[in-house]
Amino acid sequence: MESVKVMFHSMEEAQKFTLAVENYPFDVDLQCERRVIDAKSILGILGFGLHQILELRVHTDDRAATDEFHDKIKGFICGEAVEVAI
């Protein structure tokens, strides 16, 4: 699993993000404080509110898929990627 920080500044950005990630076969979660949602849910993202730094967790060990995923969402990333061991 890998984790990065992301932020959305508008509803349009959140919609572009969900459209970019919805077809990936692995789970993608967003966390804000203690709440965790499916990152493929536009309503969940908007429920967190805009202009907040969220932790995005990608649940796959496939490095090629992770790299492709990060390339697709690079406009939303606001920090360095962090490896998370479970």
Side-chain angles (χ1 to χ4, degrees):
M1 180 172 72
E2 189 169 287
S3 174
V4 295
K5 303 291 183 184
V6 296
M7 182 184 293
F8 306 103
H9 299 284
S10 67
M11 281 194 333
E12 291 79 19
E13 281 189 5
Q15 183 178 21
K16 286 179 185 178
F17 175 84
T18 56
L19 289 173
V21 303
E22 69 184 356
N23 292 321
Y24 282 93
F26 45 82
D27 289 332
V28 184
D29 297 327
L30 281 170
Q31 182 173 351
C32 182
E33 298 176 3
R34 292 184 176 187
R35 299 183 316 170
V36 178
I37 59 144
D38 181 354
K40 298 176 183 180
S41 167
I42 184 74
L43 292 177
I45 293 171
L46 295 176
F48 279 153
L50 302 173
H51 308 288
Q52 292 201 41
I53 296 176
L54 307 173
E55 183 176 346
L56 175 71
R57 293 184 181 154
V58 180
H59 298 277
T60 184
D61 292 328
D62 182 348
R63 192 70 207 164
T66 303
D67 290 343
E68 177 188 324
F69 181 84
H70 281 133
D71 187 49
K72 192 166 256 196
I73 64 154
K74 64 185 170 190
F76 306 105
I77 296 175
C78 58
E80 294 288 322
V82 176
E83 292 289 332
V84 178
I86 294 197

Participant: What is the minimum heavy-atom distance between Thr18 and Ala39, and which atoms define it?
Facilitator: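 Looking at all heavy atoms of both residues, the shortest contact is CG2-O, 3.7 Å.
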
Participant: Nearest 0.5 angstrom please: Met11 CE to Leu46 CG, how far?
Facilitator: 6.5 Å

Participant: Would you please name every residue forming a side-chain hydrogen bond (donor to acceptor under 3.5 Å, both in side chains) with Asp67, sequence neighbours left out?
Facilitator: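 Listed in chain order: Arg63.
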
Participant: Could you give the distance from CD1 (Ile73) to CD (Glu68), rounded to the nearest 0.5 Å?
Facilitator: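 So the gap between those two atoms works out to 11.5 Å.
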
Participant: Does Ile37 have any side chain to side chain contact (heavy atoms under 4.5 Å, CB included) partners at least two apart in sequence or in another chain, and if so, which?
Facilitator: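 Here the qualifying residues are Leu30, Ile45, Phe48.
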
Participant: Only counting residues at least two apart or in another chain, list the ones meeting side chain to side chain contact (heavy atoms under 4.5 Å, CB included) with Ala65.
Facilitator: Phe26, Asp62

Participant: Within the structure provided, determine whether Lys72 and Val21 are in side-chain contact (heavy-atom separation under 4.5 Å).
Facilitator: no

Participant: Nearest 0.5 Å, what's the CZ-CZ distance between Phe17 and Phe8?
Facilitator: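 The CZ atom of Phe17 sits 4.5 Å away from the CZ atom of Phe8.
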
Participant: With Lys16, which residues qualify under side chain to side chain contact (heavy atoms under 4.5 Å, CB included), at least two apart?
Facilitator: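 Phe76.
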
Participant: Going by side-chain hydrogen bond (donor to acceptor under 3.5 Å, both in side chains), name the pairs with one or both residues in residues 26-38, residues two or more places apart or in two chains.
Facilitator: Asp29-His59, Gln31-Arg57

Participant: Between Leu19 and Leu50, is there shared hydrophobic-cluster membership here, with clusters defined by ILVMFWY side-chain heavy atoms closer than 4.5 Å?
Facilitator: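 No, no single cluster joins them.
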
Participant: Considering residues at least two apart in sequence or located in another chain, which fulfil the side-chain hydrogen bond (donor to acceptor under 3.5 Å, both in side chains) criterion with Asp71?
Facilitator: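 Asp71 satisfies side-chain hydrogen bond (donor to acceptor under 3.5 Å, both in side chains) with Lys74 only.
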
Participant: Applying side chain to side chain contact (heavy atoms under 4.5 Å, CB included), can you list everything that pairs with Leu43, at least two apart in sequence or on another chain?
Facilitator: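 Expected list: Ser41.
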
Participant: Quick one: which residue pairs count as a side-chain hydrogen bond (donor to acceptor under 3.5 Å, both in side chains) with a foot in residues 43-53, not counting sequence neighbours?
Facilitator: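 Output for this query lists His9-His51.
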
Participant: Would you say Ile42 ends up clustered with Val36 if hydrophobic residues are merged whenever their side chains have heavy atoms under 4.5 Å apart, either directly or through other cluster members?
Facilitator: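 Cluster IDs for Val36 and Ile42 differ.
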
Participant: Please lay out, stage by stage, how Val4 and Phe69 fare under the test side chain to side chain contact (heavy atoms under 4.5 Å, CB included).
Facilitator: CA-CA 12 Å; Val4 295; Phe69 181 84; over 6 Å; no

Participant: Report the hydrophobic cluster partners of Ile53, with the cluster defined as I, L, V, M, F, W, Y residues connected by side-chain heavy atoms closer than 4.5 angstrom, directly or transitively.
Facilitator: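 Answer for Ile53: Met7.
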
